[in-house]
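Reviewing the structure listed below.
The residues of the chain are indexed from 1 along the displayed sequence. When reading the values below, keep in mind they use all heavy atoms of this one structure, side chains included, and skip hydrogens, waters and symmetry mates. A quick note: this is a predicted structure, and the numbers were derived from the prediction, not measured. All ligand and atom numbering here is 1-based and tracks the order in the structure.
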Amino acid sequence: MKPIEWLTDRLRLLDQTRLPLDETYLEITDYRQVVSAIKELKVRGAPAIGIAAAYGIALGSLNLHTDHKDVFLSQLESIIDDFAQSRPTAVNLFYAIKRMSDAAATGRDVSEIKRLLVEEAASINRQEEKAMADLSANGARLLKDGCRVLTHCNTGQLATGVSYGTGLGVIKAAAEQGKKVTVYVDETRPLLQGARLNTWELEILGIPYRLITDNMAGYFLSRGEIDCAIVGADRIAFNGDTANKIGTYSVAVLARENSVPFYVAAPVSTIDSTIRTGKDIPIEQRNPEEVVQIRGVRIAAPGSIALNPAFDVTPNKYISAIITEKGIIEKPYSRNIKHTLREER
Ligand code: MRU
């Protein structure tokens, strides 16, 4: 399964909105289709959005037909701007955009810049591939044989675009070490990333799971049937406050209430050191239509007014540890995140 694949002059994306019933790949030749795919969640999950945007920018640059460097750079800027407007919360998007802009700035002429952009996108892809494998191995140490793990949203290969995921990557690595792990999968309303995508990935991996609705998590946590929760992240502030799929905060509070460890798994590219606390993380507000219907079937009374924040912020105090490719970060987060980022440079 390759959710994101660069094919010399095209980008191939697995359309995640059609899973689990249809495995359809999109062959994309116009960067605007990549922007739409990100907005419509055909490609989704913080690291996957970053990788897709990087390839999308490279694709857009290949289709610019001018040899005049200044004209090329101004058209490239407008392409980059389209990506920057696509989704506001996942910082991996802005991390990828910065790397692509920096790469473009080092090229001497148009053909060199195009080559550098394709190479930089591939480099981001390779770096995330390694980061996810390493963080998965680090996190697997926290999972005991026979453990039962609660997940929220999809945090597997689909969400990262590479062989391991974040939260599901940790679970996959533990299973590969021969540990028996059972996953409790929150369905994750409104768009059902848990029910549609985690179940699909867990079936492929052959890891046992039970699907639950979001409001069942407290029931199982309170009965001692869950040993830990592992979620991913879309943006981690410098103090460890973490934005992730809406509902993550409720899981964290319920885990704390029941003395169950709550872990965040994310590559360091998800840490935004320019943001001090979670209060400053921009939260995407999506179309309320996603709430009043499920997969095209209306479930609310005509005229219902819905709200649809796509993410919430879990305060650092609820987070037992942050699992990264550089190691497991514990409290106090501001100090330890600073150390981790310093080693990264
Ligand atoms: O709206 P989505 O589906 O892109 O949200 C995804 C999540 O919230 C994931 O948990 C997050 O990106 C981290 S998983 C790599």
Side-chain angles (χ1 to χ4, degrees), residues 3-4 13-19 37-53 86-96 125 128-129 131-133 135-136 139 149-172 183 185-198 200-201 214 229-236 242-252 262-272 278 281-287 290-291 308-314 319 322-325:
I4 304 174
L13 293 179
L14 175 55
D15 183 349
Q16 299 189 31
T17 59
R18 299 177 73 120
L19 290 172
I38 292 173
K39 286 183 180 164
E40 292 162 20
L41 272 53
K42 289 178 177 166
V43 56
R44 48 146 295 284
I49 293 171
I51 295 169
S86 61
R87 292 194 77 188
T89 304
V91 77
N92 305 61
L93 171 69
F94 302 96
Y95 166 83
N125 193 350
E128 293 294 51
E129 177 91 47
M132 250 46 86
L135 85 78
S136 299
V149 183
L150 177 65
T151 62
H152 191 73
C153 197
N154 169 258
T155 57
Q157 263 188 277
L158 293 167
T160 58
V162 295
S163 338
Y164 283 84
T166 56
L168 270 195
V170 169
I171 290 164
K172 176 181 170 179
V183 186
V185 177
D186 265 3
E187 66 172 351
T188 320
R189 269 285 281 153
L191 295 178
L192 304 172
Q193 287 92 331
R196 295 187 302 104
L197 309 177
N198 275 2
W200 189 74
E201 288 202 44
D214 299 331
I230 307 184
V231 300
D234 285 80
R235 195 183 295 225
I236 300 174
T242 294
N244 191 52
K245 179 53 54 198
I246 192 76
T248 301
Y249 170 52
S250 318
V251 171
F262 175 89
Y263 300 118
V264 169
V268 294
S269 57
T270 305
I271 300 174
D272 184 350
I281 299 178
I283 299 295
E284 177 182 8
Q285 304 291 325
R286 291 187 63 84
N287 189 341
E290 293 176 347
V291 175
N308 193 12
F311 301 96
D312 58 27
V313 174
T314 299
I319 300 170
I322 301 173
I323 302 163
T324 77
E325 71 274 30

Between ligand 1 and the protein, which N/O pairs are shorter than 3.5 Å?
residue, atom, partner, partner atom, Å
ligand 1, 1 (O), R87, NH1, 3.4
ligand 1, 1 (O), R87, NH2, 2.8
ligand 1, 1 (O), K245, NZ, 2.7
ligand 1, 3 (O), R44, NE, 2.4
ligand 1, 3 (O), R44, NH2, 3.4
ligand 1, 3 (O), Q193, NE2, 2.9
ligand 1, 4 (O), G45, N, 3.0
ligand 1, 4 (O), R87, NH1, 2.8
ligand 1, 8 (O), D234, OD1, 2.8
ligand 1, 8 (O), N244, OD1, 3.2
ligand 1, 8 (O), K245, N, 3.2
ligand 1, 10 (O), N244, OD1, 2.7
ligand 1, 12 (O), A46, N, 2.8
ligand 1, 12 (O), D234, OD1, 3.2
ligand 1, 12 (O), D234, OD2, 3.1

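Residues that satisfy the side-chain contact (heavy atoms from CB on, under 4.5 Å) test with Y95, not counting sequence neighbours, are R99, Q127, S269. The side-chain contact (heavy atoms from CB on, under 4.5 Å) check on E129 picks up V162, S163, with sequence neighbours excluded. Evaluation of the side-chain contact (heavy atoms from CB on, under 4.5 Å) rule for A133 yields Y164 as partners, not counting sequence neighbours.
Screening L158, N154, V149 for a side-chain contact (heavy atoms from CB on, under 4.5 Å) involving L168 leaves a single residue, N154.
The shortest distance between side-chain heavy atoms of P88 and R235 does not fall below 4.5 Å.
At a cut-off of 3.5 Å, with distance as the only test, a side-chain donor of D15 or T17 sits close to an acceptor on the other residue.
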